[in-house]
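Take a look at the structure set out below.
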Amino acid sequence: MPKPIFVLNGPNLNMLGKREPAVYGTATLADIRQQVEKHAGVRGIATDFRQTNHEGELVDWVQGARDGAAGIILNAGALTHTSIALHDAIKAAEQPVIEVHLSNVFARESFRHHSYVAPAAIGVICGFGPHGYLLAIDAMVEHFTKKAA
Ligand code: DHK
């Protein structure tokens, strides 16, 4: 069986729908999961969608992608801007990573402009709300297609 794409979500993303709707919109994480699974199904790939508020758990999941996944779509929430441990885990996983954010982090506070994920990722998508996750699925499929050619 082909390995899934891990779709990993970090701290506070469980609060989507209630949390700062002017910034993050009104879709819940369950809504996003549903959209991701539907879109990935159409593209013929399996996903494993998860959320955690804990840095160590996210690091464990990224490490687990080394043998358990074909790639990672990662919205690490605020850990994006703080976690060298996450950066190191991505390097150790040796899998393609696409960084996703719902909001346009570059139009927000300056502390959101730096990412520890981006230098270890193949690309970054931000500012398109939940649609960004679907763009990331398409980008990952394109990445695999190019690699196989
Ligand atoms: C989500 C968060 O929780 C923030 O800490 C990031 C990101 C932005 C998002 O837009 O999805 O800065």
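One-based numbering, in listed order, for ligands and for the atoms of each. Position 1 is the first residue of the sequence; numbering continues from there. Note that these values count all heavy atoms, side chains included, but never hydrogens, waters or copies made by symmetry.
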Point-to-point distance, once rounded to the nearest 0.5 Å, from NZ of K38 to CD1 of I137: 13.5 Å
L13 and R19, any side-chain heavy atoms less than 4.5 Å apart: yes
Within-shell test, N12 vs ligand 1, heavy atom, strictly < 4.0 Å: no
Flag for E99-T80: side-chain donor and acceptor within less than 3.5 Å: no
Pair N9, Y133: side-chain N/O donor-acceptor within cut-off below 3.5 Å: yes
4.0 Å heavy-atom contact, V105 with ligand 1: yes
Check: R112 N/O within less than 3.5 Å of ligand 1 N/O: yes
Heavy-atom nearest neighbour in the protein, as seen from atom 9 (C) of ligand 1, with distance rounded to 0.1 Å: L102 N, 3.4 Å
Whether over 12 other heavy atoms sit under 6.0 Å from Q34 CD: no
Validation row: L74, I90 side chains within 4.5 angstrom (heavy atoms): yes
Nearest-0.5 Å distance that lies between atom CG in L58 and atom CZ in R50: 10.0 Å
H101, H81, M15: member with heavy atom nearest to atom 12 (O) of ligand 1: H81
For atom 10 (O) of ligand 1, the protein heavy atom that lies nearest, with its residue and separation: S103 OG, 2.6 Å
For ligand 1, the portion of N75 having any non-hydrogen atom under 4.0 Å away: side chain
Option whose closest heavy atom lies nearest to atom 5 (O) of ligand 1, chosen from G25, A78, A76: A78
R19 to ligand 1, any heavy atom closer than 4.0 Å: yes
